[in-house]
Amino acid sequence: MSTPNTLQQALLDWFDKNQRDLPWRSSYTPYQIWISEIMLQQTQMDRVTVFFSRWMNTFPDIATLAMASEDQILKCWEGLGYYSRARNILKTAQILVERHEGRIPSSRKELLKLPGIGPYTAGAIASISFNRDVPVVDANIERIFARLFNIDLISGSPEAKRIHWQKAETLLPPKQARNFNQGLMELGALICRPKKPDCSLCPLAPYCLALKHDLIPERPIPKKSTKILPIEMATGVLLHNGQLFIQQRLEDDVWGSLWEFPGGRLKLGETPEQTVVREFFEETEFKIEIDSKITTTIHHFTRYKVTLHCFLVTLAQQDSDPVLHAAQEFKWIPFTALASHAFPAGHRKLINHMEESGFFLNQSPCKPD
DNA sequence: CAGTCGTGGCA
DNA sequence: TTGCCAAGACT
């Protein structure tokens with residue numbers, strides 16, 4: 001066996017021997033690469049593989065996907081976060097059927113026109129699925145280049161990105177973009193990790209300037225971290241005639257198009273109970289009364305740590321339809337239908353708590369005497 | 001361009 | 001426990 005004499009060949013050899021066995025690496029079909037790349041945006045591999053398998057069982061091809069409802073898509077995506085990704089997948093599937101004969105374009109330029117596909121993902125689909133000579137730069141590659149070329153710029157800054165895309169294009173070996181691009185990202189995930197990189201196993205170690213100058217711990221230069229803000233919220237599970245009230249959030253808001261129980265943030269000096277009453281009226285014009293406390297849960301989203309106070313509430317008025325001010329739709333549903341709707345993680349936690357605690361058993365509309 | 005969008009795992 | 005982190009896109 002010959003010793004690789006270029007950086008490119010060293011990486012290709014390493015990837016050939018050390019790549020992980022992933023569901024979409026058996027066939028590299030455009031559809032599977034597209035979905036996997038969207039799922040992998042800001043999401044870790046171990047989490048994605050489970051969702052990917054379920055997705056492919058539910059929507060085996062583009063035609064099936066294009067005919068699905070937004071609710072079905074979001075239910076399959078529930079728990080993965082960044083829900084605009086799922087809504088954009090549906091939009092793109094419909095565009096593909098209408099304008100592209102149901103197929104994914106192979107050129108970076110055409111891919112960039114599709115919703116949810118930006119510079120990284122367009123390059124990833126073009127190179128990984130079609131083996132086009134197109135570079136990619138993701139967070140892994142930014143980290144590798146910052147070390148490999150000892151880049152003295154803040155990680156993720158516009159200036160660093162510009163230089164890294166230029167480097168990626170220069171380095172790309174012809175006709176091998178699929179394995180070279182994946183090789184870089186795989187190296188970032190397995191060897192050139194954010195913390196404790198394993199330089200002793202790195203095929204690029206002979207070429208690495210940061211390693212040469214003993215600057216690995218200083219590269220990349222971290223961006224200043226965003227602070228986690230603790231906030232308090234309150235929500236009400238409205239039970240009426242054995243049915244639960246849920247509403248569907250606005251599309252361009254957080255958790256867009258997901259279902260939820262009404263509620264919101266506590267205002268200064270407000271008790272959680274007061275918040276639920278106020279929010280219910282502001283969002284639905286329902287006048288409600290607090291029945292009882294269900295639980296308090298804690299969850300994180302984006303830069304917030306949320307303490308969520310959860311109450312069982314009842315209508316304090318006669319039957320009438322709500323007037324929605326913070327939602328696009330509403331439904332009255334039985335307990336059993338909660339499972340088929342997509343909820344934000346915090347509300348799903350609440351639902352799970354109610355099920356596990358036998359909460360619903362005590363709320364039967366026909367109590368035995 | 002800087003802010004925003006989720007979530008769960010892990011040190 | 002708290003902070004950091006993950007194969008970015010959109011406005």
Side-chain angles (χ1 to χ4, degrees), chain A residues 15 19-20 22 24-25 32-52 74 77-89 91-92 111-129 135-144 154-162 164-165 168 178 180-190 192-196 220 222-230 249-258 260 297-306 342-349:
Chain A
F15 182 65
Q19 64 177 285
R20 288 170 290 185
L22 301 174
W24 49 89
R25 280 184 179 161
Q32 294 197 357
I33 295 303
W34 167 40
I35 298 302
S36 70
E37 287 301 338
I38 302 294
M39 286 185 171
L40 283 163
Q41 292 171 3
Q42 302 289 286
T43 309
Q44 280 156 349
M45 181 69 72
D46 288 342
R47 269 180 77 59
V48 164
T49 51
V50 178
F51 280 86
F52 178 84
L74 289 169
W77 202 270
E78 183 187 41
L80 204 48
Y82 289 130
Y83 296 95
S84 64
R85 294 185 294 174
R87 297 193 305 273
N88 281 334
I89 282 177
K91 289 174 190 167
T92 287
L111 287 162
L112 276 172
K113 295 178 184 171
L114 299 167
I117 297 181
Y120 164 76
T121 307
I125 296 173
S127 63
I128 297 176
S129 186
V136 295
V137 174
D138 74 329
N140 284 306
I141 296 181
E142 288 219 54
R143 183 173 59 256
I144 292 173
I154 292 177
S155 173
S157 66
E159 176 73 352
K161 278 190 186 300
R162 194 179 59 75
H164 290 152
W165 275 97
R178 167 183 292 166
F180 184 76
N181 288 346
Q182 284 194 100
L184 280 177
M185 293 188 279
E186 196 82 336
L187 187 72
L190 301 180
C192 195
R193 298 172 300 239
K195 296 173 186 172
K196 298 184 183 175
K223 54 192 138 190
K224 54 180 175 185
S225 61
T226 53
K227 236 189 174 161
I228 303 295
L229 303 177
R249 296 180 60 85
L250 301 176
E251 178 171 344
D252 55 2
D253 202 353
V254 194
W255 304 301
S257 295
L258 269 69
E260 66 168 6
T297 67
I298 293 175
H299 66 279
H300 291 79
F301 83 93
T302 316
R303 65 180 193 282
Y304 300 105
K305 176 187 179 181
V306 183
F343 286 85
H347 286 208
R348 179 54 67 188
K349 259 187 197 175

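Here is how names work: the chains are called A, B, and so on, in the same order as the sequence lines, proteins then strands, and each is numbered from 1.
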Test your reading of the model: is there a side-chain donor-acceptor pair from A:Glu78 to the backbone of A:Phe343, 3.5 Å cut-off?
yes
Using modelled atom types and a 3.5 Å cut-off, is there a donor and acceptor pairing between side-chain atoms of A:Arg193 and backbone atoms of A:Gly188?
no
Between A:Ser155 (side chain only) and A:Pro222 (backbone N and O only), is there a donor and an acceptor less than 3.5 Å apart?
no
Atom CG of A:Leu229 and atom P of C:dC4: how far apart are they, to the nearest Å?
13 Å
Considering only atom C1', compute the distance from C:dA9 to B:dC1 and round it to an integer number of Å.
14 Å
Need one value for A:Ile38: base, sugar-phosphate or nothing, where a base atom within 4.0 Å counts as base even if backbone is also close, heavy atoms only.
nothing
Quote, to the nearest angstrom, the C1' distance that separates B:dG8 from C:dT1.
16 Å
Contact letters for nucleotides 5-11 of chain C, in which S counts primed atoms plus P, OP1 and OP2 and B counts the base, heavy atoms under 4.0 Å
BBBBSS-
Near DNA chain C, counting only heavy atoms under 4.0 Å, which residues of residues 249-257 of chain A show up?
none
Using the C1' atom as the point on both nucleotides, what is the distance between B:dC5 and C:dA6, in whole Å?
14 Å
A:Lys305 vs C:dT2: side-chain N/O to OP1/OP2 distance below 4.0 Å
yes
A:Lys349 side chain to A:Ile298 backbone, donor-acceptor under 3.5 Å:
yes
With sequence neighbours excluded, what pairs up with A:Gln32 under the side chain to side chain contact (heavy atoms under 4.5 Å, CB included) test?
A:Trp24, A:Ser27, A:Thr29, A:Phe52, A:Met56
So, OP1 or OP2 of C:dG3: does either fall under 4.0 Å of a side-chain N or O from A:Ser225?
no
Take a 6.0 Å sphere around CD1 of A:Ile154 and say whether it holds more than 12 heavy atoms from other residues, nucleotides or ligands.
no
When the C1' atoms of B:dG6 and C:dC5 are compared, how many Å lie between them, rounded to an integer?
13 Å
A:Arg87: what forms a salt bridge (charged side-chain N to carboxylate O under 4.0 Å, His left out) with it, not counting sequence neighbours?
A:Glu251
Are the side chain of A:Thr121 and the backbone N or O of A:Gly118 linked by a donor-acceptor pair below 3.5 Å?
no
Side chain of A:Ser36, backbone of A:Ile33: donor and acceptor closer than 3.5 Å?
yes
Under the rule for side chain to side chain contact (heavy atoms under 4.5 Å, CB included), what residues qualify as partners of A:Tyr82, not counting sequence neighbours?
A:Gln42, A:Arg85
5' to 3' contact window, DNA chain B with chain A (heavy-atom distance under 4.0 Å):
B:dT4 to B:dG8
Is a side-chain donor-acceptor pair under 3.5 Å present for A:Gln41 with A:Tyr120?
no
Let me know, please, whether A:Pro158 or A:His300 comes out on the 5' side of the other along DNA chain B by nearest nucleotide.
A:Pro158
